[in-house]
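Below you'll find the structure, written out as structure tokens, and then a few comments.
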There are 2 protein chains.
Amino acid sequence: MQEPTFLILTALAAEPTHGYGVIRAVEHLSQGEVVLRPGTLYGALDRLTEQGLVEVDREEAVDGRLRRYYRLTEPGAAALAAQVKRLRRNANAAEARLRIAFGGAR
Amino acid sequence: MQEPTFLILTALAAEPTHGYGVIRAVEHLSQGEVVLRPGTLYGALDRLTEQGLVEVDREEAVDGRLRRYYRLTEPGAAALAAQVKRLRRNANAAEARLRIAFGGAR
DNA sequence: CCCGATACTACGGTTGACGTTATATATCGC
DNA sequence: GCGATATATAACGTCAACCGTAGTATCGGG
């Protein structure tokens, strides 16, 4: 799982959110480092829906514009939690090894 | 940066290692979850060399077979350290948000 | 009245990982 | 001495995922 996908799931973990709201949430979560393009977001949303990790919560018409709210499913939450563990393990492994050769030499 | 690339840099962080050694190191680091195919490894190594994140340490002829040792450069170590921070931030953000909706409901 | 923000759709391009196959040699079992 | 296995690198082609851009549409601010 790549970073944009991970952050989209993270954005949806708190509460159901519509597409544009996900873009803002991800930007905020990543402190401005990750700004999703529409192509990335809606492509990922379609893929994640197909995989059962997210699902459409509801659709609202606000001022004539359609808002489609997505929600994290139970399998989606499980997948996200598993990925969190994986990221932690990788981060810890890298940090430990960096210290061996580059930590003492600094 | 994707997971295979991250783990290759991590494998090289401790000491210069040759191609096959990287495959074994990554498998060990990821507890068997990531097994690099030759195509993935040498493609990544070439790309990382071009980007200046790794470089050829030395070449040895062992039993008639060439062994090319790769080494993590300073910029490579910096990139890896930056990525560690990023992974940690993402993992923490996801965990905090998972607790909001899925932590209490369990 | 145009511009920017909101909100979604559509299409094409590129990167990086993946899978497979090929090559070569050393060692070990049979 | 012959094939199987392990070591080690190279060279394909393919595919998923992300990226960029543009298009449609509504609303409010200057």
Side-chain angles (χ1 to χ4, degrees), chain A residues 1-12 16-30 32-51 53-54 56-70 76 79 83 86 90, chain B residues 1-12 16-30 33-70 76 79-80 83 86 90:
Chain A
M1 187 188 297
Q2 297 195 359
E3 197 180 24
T5 301
F6 180 85
L7 292 173
I8 289 168
L9 292 182
T10 298
L12 293 175
T17 311
H18 61 96
Y20 209 80
V22 172
I23 292 180
R24 285 178 305 186
V26 166
E27 189 173 357
H28 183 250
L29 280 171
S30 67
E33 278 181 40
V34 179
V35 179
L36 261 28
R37 304 282 177 273
T40 305
L41 175 73
Y42 294 105
L45 247 18
D46 289 347
R47 193 173 6 100
L48 292 170
T49 300
E50 209 176 317
Q51 292 170 356
L53 302 187
V54 307
V56 176
D57 185 67
R58 65 187 188 279
E59 289 184 345
E60 278 178 14
V62 178
D63 298 325
R65 291 191 295 272
L66 181 70
R67 273 189 186 173
R68 191 172 294 135
Y69 283 78
Y70 290 87
Q83 191 64 16
R86 202 175 173 119
N90 290 348
Chain B
M1 185 190 297
Q2 297 195 0
E3 196 179 22
T5 302
F6 180 86
L7 292 172
I8 289 169
L9 292 182
T10 297
L12 294 175
T17 311
H18 59 95
Y20 209 79
V22 172
I23 292 180
R24 283 177 307 185
V26 166
E27 188 172 358
H28 183 251
L29 280 171
S30 67
E33 278 181 39
V34 179
V35 180
L36 262 27
R37 303 282 176 276
T40 303
L41 176 72
Y42 293 105
L45 247 19
D46 290 347
R47 192 173 8 99
L48 292 170
T49 300
E50 209 176 316
Q51 293 169 356
L53 302 187
V54 308
E55 59 191 12
V56 175
D57 185 68
R58 65 187 188 279
E59 290 183 344
E60 279 178 12
V62 178
D63 297 324
R65 292 189 296 271
L66 182 69
R67 270 191 189 172
R68 191 170 296 139
Y69 283 76
Y70 290 88
L80 184 56
Q83 190 65 15
R86 202 178 173 116
N90 289 348

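So that the names make sense, note that chain A is the first sequence line, chain B the second, and so on, each numbered from 1.
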For this session: Grab the CZ-P distance between A/Arg67 and C/dC8 for me, whole Å please.
Result: 8 Å
Problem set entry | Residue closer to the 5' end of DNA chain D, A/Leu36 versus B/Tyr70 (nearest nucleotide) | B/Tyr70
Problem set entry | From A/Thr5 atom OG1 to A/Leu45 atom CG, the distance as rounded to the nearest 0.5 Å | 10.0 Å
Seminar exercise, completed: note: A/Glu27, atom CD; D/dC19, atom C1'; distance rounded to Å ~ 16 Å
For this session: Check whether any side-chain N or O of B/Tyr42 sits under 4.0 Å from OP1 or OP2 of D/dT9, and answer yes or no.
Result: yes
Exercise. Among the nucleotides D/dC18, D/dT9, C/dG19, which one has an atom lying closest to any side-chain atom of B/His18?
Worked result: D/dT9
Exercise. If you look at every strand shown and take non-hydrogen atoms under 4.0 Å, does A/Pro38 touch a base, only sugar-phosphate, or nothing?
Worked result: base
Exercise. Whole-Å distance between C/dC8 P and A/Asp46 CG?
Worked result: 12 Å
For this session: Side-chain contact test, heavy atoms from C-beta onward, threshold under 4.5 Å: evaluate it for A/Val22 versus A/Tyr70 and give yes or no.
Result: no
For this session: Nearest whole angstrom, please: distance from the P of C/dA7 to the CZ of A/Arg58.
Result: 13 Å
Seminar exercise, completed: To the nearest angstrom, the CE-C1' distance between A/Met1 and D/dA16 comes to 14 Å
Exercise. So, is A/Thr5 close to the D/dC18 phosphate, meaning a side-chain N or O under 4.0 Å from OP1 or OP2?
Worked result: yes
Exercise. Under 4.0 Å between a side-chain N/O of A/Arg65 and OP1 or OP2 of D/dT26, yes or no?
Worked result: no
Exercise. For A/Glu50, does the CD atom sit with more than 12 other heavy atoms under 6.0 Å from it, leaving out its own atoms?
Worked result: no
For this session: In whole angstrom, give the distance that lies between atom CZ of A/Arg47 and atom C1' of C/dT9.
Result: 17 Å
For this session: Would you classify A/Gly19 as touching base, sugar-phosphate or nothing, given that sugar-phosphate means primed atoms plus P, OP1 and OP2, and contacts are heavy atoms under 4.0 Å?
Result: sugar-phosphate
Exercise. Which sits closer to the 5' end of DNA chain C, A/Tyr20 or B/Gln2, going by the nucleotide each is nearest to?
Worked result: A/Tyr20
For this session: Take the protein atom CZ of B/Arg68 and the nucleotide atom P of D/dT7, then report the distance between them rounded to whole Å.
Result: 19 Å
Seminar exercise, completed: To the nearest angstrom, the CG-P distance between A/Leu9 and D/dA17 comes to 12 Å
Exercise. With respect to the phosphate group of C/dA5, does any side-chain polar atom (N or O) of A/Arg24 fall under 4.0 Å of OP1 or OP2?
Worked result: no
For this session: Using the side chain to side chain donor-acceptor pair (under 3.5 Å) rule, collect all pairs that involve residues 33-42 of chain A, keeping only residues at least two apart or in two chains.
Result: A/Glu33-B/Arg86, A/Glu33-B/Arg89
For this session: With DNA chain D as reference, determine whether B/Leu41 or A/Ala44 sits nearer its 5' end, using the nearest nucleotide of each.
Result: B/Leu41
Exercise. Do B/Pro4 and B/Leu36 touch side chain to side chain, with heavy atoms closer than 4.5 Å?
Worked result: yes
